[in-house]
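Only this structure's heavy atoms are used, side chains among them; waters, hydrogens and symmetry mates stay out. Note that the numbering runs from 1 along the sequence shown for the chain. These numbers were taken from a predicted model, which means no experiment stands behind them.
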Amino acid sequence: MPELVWIPDPDAVWVSSQLLQDYKPGDKHLLLQLSDGNKVHYPLGSASDLPPLGNPDILEGENDLTALSFLHEPAVLHNLRVRFLDYNSIYTYCGIVLVAINPYDQLPIYGEEVIDAYSGQDMADMEPHIFSVAEESYRTMTREEQNQSIIISGESGSGKTVSAKFTMRYFAAVGGAAQQTSVEERVLASNPIMESIGNAKTTRNDNSSRFGKYIEIGFGRKGDIIGANMRTYLLEKSRVVFQASAERNYHIFYQLCASRELPEMRSLKLDAPEYFRYTSQGGQMQIPGTDDVSDLERARNAFTVLGVQPDQQMELFRILSAVLHLGNVNIQADDRSLAVFSKLLGVEGPQMAHWLCHRRLAIGGEMLVKPMSGQQAMEARDALAKHMYGQLFTWTVQRLNSALHTQRGQVKSFIGVLDIYGFETFDRNSFEQFCINYANEKLQQQFNRHVFHLEQEEYVREELAWNRIEFSDNQQCINLIEGQLGLFDLLDEECRMPKGSDESWVQKLYNQHLTSKRHPHFQKPRMSNSAFIILHFADMVQYECDSFLDKNRDTVFEELINILKASQLVAELFQQQENVSAVANGSVRSGKRSTREHKLTVGFQFRQSLQMLMDTLNSTTPHYVRCIKPNDLKEPFMFDPKRTVQQLRACGVLETIRISAAGYPSRWTYEEFFSRYHLLLQGFRSEEQAQVSCRRTLPDLIPDPDQYCFGKTKVFFRAGQVALLERLRAEKLRAAAVIIQSRVRGWLSRIRYSKILWATVTIQRYSRGALARRLAETLRYTKAALMIQKTYRMVVVRQLFLMIRQATVTIQAFTRGTLVRRRYRELLAERAAVLLQARVRGWLARQMYRRVRAAVVFMQCCVRRRAARRELLKLKSEARSVERYRELNKGMEVKLMQLQLRADQEVGDRFQQGLHPVMGPLKLTALREELDEERRKYQGLLREFTRLEQRYDNLREMSLLTEVHNCRPQLCSNSCVADSFDLAMFTLLSVFAPDVRVDSALSLPPGLPASVLFLCVRQADCSGDQTRARSLCSAAVTAMKAALKKHSNDIAMTALWLKNTCVLGDLLTQHSPKQTLDSDELVPLTSDLSDLIRALSDLCIQAYQQLLSITETHLQNIIVPALLESETITGLSGPAAKLGTPRKRAGSEPRTGPGDAAPTMASVLRELGALHTALSHQALPLVLMEQAFRQLTYFISASALNSLLLRKDMCCCSRGMQIRYNVSLLEEWLRGRGLQAGGAAATLEPLIQAVQLLQAGKKTEADAEALVQTCTALSGQQIVKILTLYTPHSDLDERVTLNFIRSVQGLLKGRCDGQPPHLLMDVRRVFPVTFPYLPPAVLHAEQLVIPDSLKISFVRRV
């Protein structure tokens, strides 16, 4: 097989070609064949000019670049191109770095289901993702209690801000949802605010961050978010007054102009952006695909979340509007803009106009006022605008930090997210690019040292004999910028000079770094005396020295600041000018030079803040994300190799590759190496002796001992050695294949001869058999004729006999029936007379008993009414907080009832009026779908109401804890003086008390508490006391809610209260006055308890949802290990042959310790069995059980499928067989309990089809058509993702080719299956539950089996 090499290309940077002739020392050229078939001669000067070798096909598309056998620039570029264009994978690991390529498209890989899939998972198990880096940092922080940092860098338009936003969203989801806190909401709310005031459109990015930020997200002891803090760096204030062509100012200005028609905005006197000078210079007023009005509304909502009141927001908008009007001030004439500016800020217009055109100078102890030229006045105006915006930006950041400051305790540890500008080089580079590139030099130095440190740790841990790896250190370039007499020192010195200028400063640079002592990283341009060149780590950049001094000073005249300080509106912004801090946004130039204190320059401030940042990063564990911009046209999934290589060189990815390649980039555990290359090993062939076999055989395979090294647990190889082993392995397999072919061909020839011999004998046998069958057929016809004659004669005689017998039997039947009916009429008359007598006597006896009982009950009611009223007042005060929410839900309940009645009416009309056989079912189906949708919305509202009610109860319990202790003695004293009826009421409600013993409650017959309570309610209703009946029923509902709250983690007790709630609701519905009674023994209630019946219905849904939540919580952490990872069929998967190196991450550890048993399918079935036992023990209806297990099996299927779609190591044929067997165990369990008919088995279909996809053939067009027709429950994205991730784990299997994947994609385009476009399934999807109405039999007190331990046997006498 010819070798693959890479040669340079002016357009594609690198192109692949095949080596047609082996290289020999001394050859002056290589004969190569390009991918288009052309042959070329590649010139060689020496052996060092040999082109880089290509990697084996098995490593193509690897998700970790350091796993490649040959580590060099063309291999990295090709692997990124394949993953980006062919696999649509935008994330790739490069050791400890996550490379993220901006797709310029919306991808469905950031939903809540993706967060759930990555939460709690190991980084090495999952596909590369920004959530994986966030999860790794979060797990390391919680386990090791060490601060973390995520450093996100890249040039403008590469997706840094989006990556930082998704990282913060992940932390908010995993660190705040369980604690029901609003801190994570505030953290996320800071994003739209900072985007509005700190982001702008540039030629490279529509939403470019024009400042750097470092957000520290603080976590408590339990891993929950309790606060945050933001630090910003080098805001580009020059953009406020100037924008280049095709660029915009900051978004907030255009958002205000677009919202100028709002009533509250009319006082700002705004106009279209074209009207203002500060927003019209770039010529771009609108960004396609964005809505400035809605963006401003989003920012205002974020301000509200962070506690900024609407009046304060309007003050902020007034200052921003004043900046716009200041830009339109005409220095030459008195115009309207200055008046509007003065009115908005509340300052004196004439004073502002005077000091915009004059300046104050101190000469010889006297103060002189000197007029300025028009150009100087415009510069003073622009300096004031920049200073105002800078102070406003700083004030906003301070308000955000005060809102995000923790108020719930001390921060245990934090995770910092650094979103900072990448290396920049333009046609004209100024002071901003100089500072940005200086910051990148510092970050690159920290990155190189950290990568080298991790590599060194790996070698020490494996006890390797290694030489020191040399890596490029850019300390000389950093010293040139920040060292003594460096660029910053000379710049600050020139700024302090009275007549300092850019020209004199650049001459000092030439003298210091070229004339006196030549610096290797400093050069002078040939054709310019006002520029200088610095050789950065990424590229050589030429800086124009124009405006360096002005931008470094960043001054504004003190007189203008004093005028603004007199304004109440903006005085707060300039309070920090009294005490200049290290992070101030500029300096103020005063006319009193003798008394003026030294002001910090922008360069000095930036160096201080950058040093603080580096100290913070060095004290944390860093995680790196490098964002890449694939093209400058912002086209989705378009790959420009030139731009990509340029960024790879600038962001340090290639430096990581170089450091890794300088050592031992390929590393395998001995078990993995044995699994892959056991064909080449000699001696022991068992996996237990893998290390011995490796140490014995490798010297024969690789003669040079410097090309490999043995560690304690791994064997290390230098670059290219894995490709050599792959070639040796392929040659041995080819030799074995030739031997197998020779044996197979001989076997096929022998088989062919045997078949010919067998065919000859068979023909003879069939010929003889045909003659024998012809004779047998003649004999059979003769016998059949005799049989037909005999049978016909028999039939004629039998029919005559049957006719006579039938007539005789008929006569006997009529005679006997007449006699029996006569006797029946006599008995019926006698029974009617006896029944009338019994009914009359019973009615008289009941009338007498009711009069006596009513008198007794009336006496009891008078005493208990007073106590009940006190209890009623207390219950009303408790229910008042949630009463309004219940009123909001009444409309939904009425709508559900109306839809149910409509559905029933449609069914009746269909059978009575004879509807069309096609239109009837269609209309009925539409009504049912509408009913299900309304039921789903209602149950969602109920779930939200339950959560709010739970949160309210928690707060009330904390605030009223002292009152409860004070009231307890009073309650005890009241209970002692209660009369007998109050004691009976208290004893009855104690059945529903939340503190009842669990074993006592579970020993009760199903539904007994609800039945007893209903009898008491019915008794109170029959006695005419409707108030007492309602109060008793309300108390029962309250007690049930309290019991559910107490046993929120107990399946058995939750099932018990679900049963009692359903029984009580069915009994009240059965005896409701509005219900049609089915039996004469049913006595309707006179009280209208419809609102309480609705409350019980809501409580049923709450108990059902709590039951599922408990089970899902137990299943969440064992689904993936049990269903995907466990090997129920031992030895089927075999050792996994990993062709890449495991990523060395700080804190990466397996989920289970050495002593913990890994979950299996038995664990999953055990949890499901516990739920099934609890439901069966309470005799809940089968329909309800089927709905519960349908929800749980969907949760299991969705969780397992989502993990499968994100794990490359699970996508193989052998693992698919294991998963299919595990799913079959779950199906068998469902069938054994009769639950498969309710849709539970159908929810497993997506997972089953995904497993079938792993096991099916994936080569021909017929296979592609079969896959598309079979996998109907999977979406097109899911099918393509599984095919992309498919990784063979044995020599008998192959990767899925790109042509086959493209064929499947073509077939999927024509399929209209209605599947959602999302990649992952929604794990949080909830199916609406329907409770069947099962009216119980007529309830009598004497029929109840009441245990004596309850001490409520008196109920039988009520």
Item checked: Under-4.0 Å salt bridge between Asp86 and Arg1302 -> yes

Next item on the list: Measure the CG-SG distance between Asn79 and Cys94 for me, rounded to the nearest 0.5 Å.
Entry: 10.0 Å

Check: Where is the tightest heavy-atom contact between Ala1250 and Ile1282, given as atom of each residue plus distance?
Finding: CB-CD1, 3.7 Å

Check: Can you tell me if Asp9 uses its side chain to pair, donor with acceptor, with the backbone of Val15 under 3.5 Å?
Finding: no

Next item on the list: Answer yes or no: does atom CD of Glu1261 have more than 12 heavy-atom neighbours from other residues, nucleotides or ligands under 6.0 Å?
Entry: no

Checklist line | Any Pro128 side-chain heavy atom under 4.5 Å of Leu98 side chain | finding: yes

Next item on the list: May I ask you to decide if Gln121's main-chain N or O and Arg139's side chain share a donor-acceptor pair within less than 3.5 Å?
Entry: yes

Next item on the list: Please check if any side-chain donor atom of Gln646 sits under 3.5 Å from a side-chain acceptor atom of Arg643, or the reverse.
Entry: yes

Checklist line | Centroid separation Phe1189 to Trp1229 less than 6.0 Å | finding: yes

Notebook entry, point to check: Would you call Arg298 and Glu195 a salt bridge, using N to O less than 4.0 angstrom?
Noted result: no

Note to self: Strictly below 4.0 Å, N to O, side chains only: are Asp419 and Lys165 in salt-bridge contact?
What the structure shows: no

Check: Looking at CD1 of Ile115 and CG of Leu1320, how far apart are the two atoms once the value is rounded to the nearest 0.5 Å?
Finding: 11.0 Å

Margin query: Do Glu135 and Tyr170 pair up side chain to side chain, a donor and an acceptor below 3.5 Å, judged on atom types alone?
Written below: yes

Item checked: From CZ (Phe84) to CZ (Phe639), nearest 0.5 Å -> 7.5 Å

Check: Can you check whether Tyr93 reaches Val99 side chain to side chain, under 4.5 Å on heavy atoms?
Finding: no

Check: Atom CZ in Arg81, atom CD1 in Ile101: separation rounded to 0.5 Å?
Finding: 10.5 Å

Note to self: Looking only at the side chains, is there a donor atom on one of Ser153 and Arg626 sitting less than 3.5 Å from an acceptor on the other?
What the structure shows: yes

Margin query: Under a 4.0 Å threshold between the charged nitrogen and the carboxylate oxygen, would Arg169 count as salt-bridged to Glu112?
Written below: no

Note to self: For Pro630, is there any backbone N or O sitting under 3.5 Å from a side-chain donor or acceptor partner on Asn102?
What the structure shows: no

Next item on the list: Might you confirm whether atom NZ of Lys1259 has over 12 heavy atoms from other residues, nucleotides or ligands at distances under 6.0 Å?
Entry: no

Notebook entry, point to check: Where the side chain of Thr1193 meets the backbone of Ala1240, is there a donor-acceptor pair that is under 3.5 Å apart?
Noted result: yes

Item checked: Check: Asp640 main-chain N/O paired with Thr644 side-chain donor or acceptor under 3.5 Å -> yes

Notebook entry, point to check: Heavy-atom distance under 4.5 Å between the side chains of Arg1190 and Phe1327, does that happen here?
Noted result: yes

Note to self: Under a 3.5 Å distance rule, please check whether Ser1197 uses its side chain to pair with a backbone N or O of Phe1195 as donor and acceptor.
What the structure shows: no

Item checked: Test item: Leu1115 and Leu1168 side chains (from C-beta on) under 4.5 Å apart, heavy atoms -> yes

Notebook entry, point to check: Do Met1321 and Pro1246 have side chains that get closer than 4.5 Å, going by heavy atoms?
Noted result: yes

Next item on the list: Validate the cation-pi geometry between Arg1325 and Tyr1194: distance from NZ or CZ to the six-membered ring centre under 6.0 Å, angle to the ring axis within 45°.
Entry: yes

Check: Is the His129-Tyr110 ring centre distance short of 6.0 angstrom?
Finding: yes

Check: Do the charged groups of Arg1324 and Asp1322 touch, with an N to O distance under 4.0 Å?
Finding: no

Check: Is it true that the side chains of Gln1249 and Glu1245 contain a donor and an acceptor less than 3.5 Å apart?
Finding: yes

Checklist line | Cys1211 side, atom SG; Leu1205 side, atom CG - distance, nearest 0.5 Å | finding: 7.0 Å

Check: Does Arg1220 reach the main-chain N or O of Ile1248 with its side chain, forming a donor-acceptor pair under 3.5 Å?
Finding: no

Check: Taking atom types as modelled and ignoring hydrogens, do the side chains of Asp1263 and Thr1260 form a donor-acceptor contact shorter than 3.5 angstrom?
Finding: yes

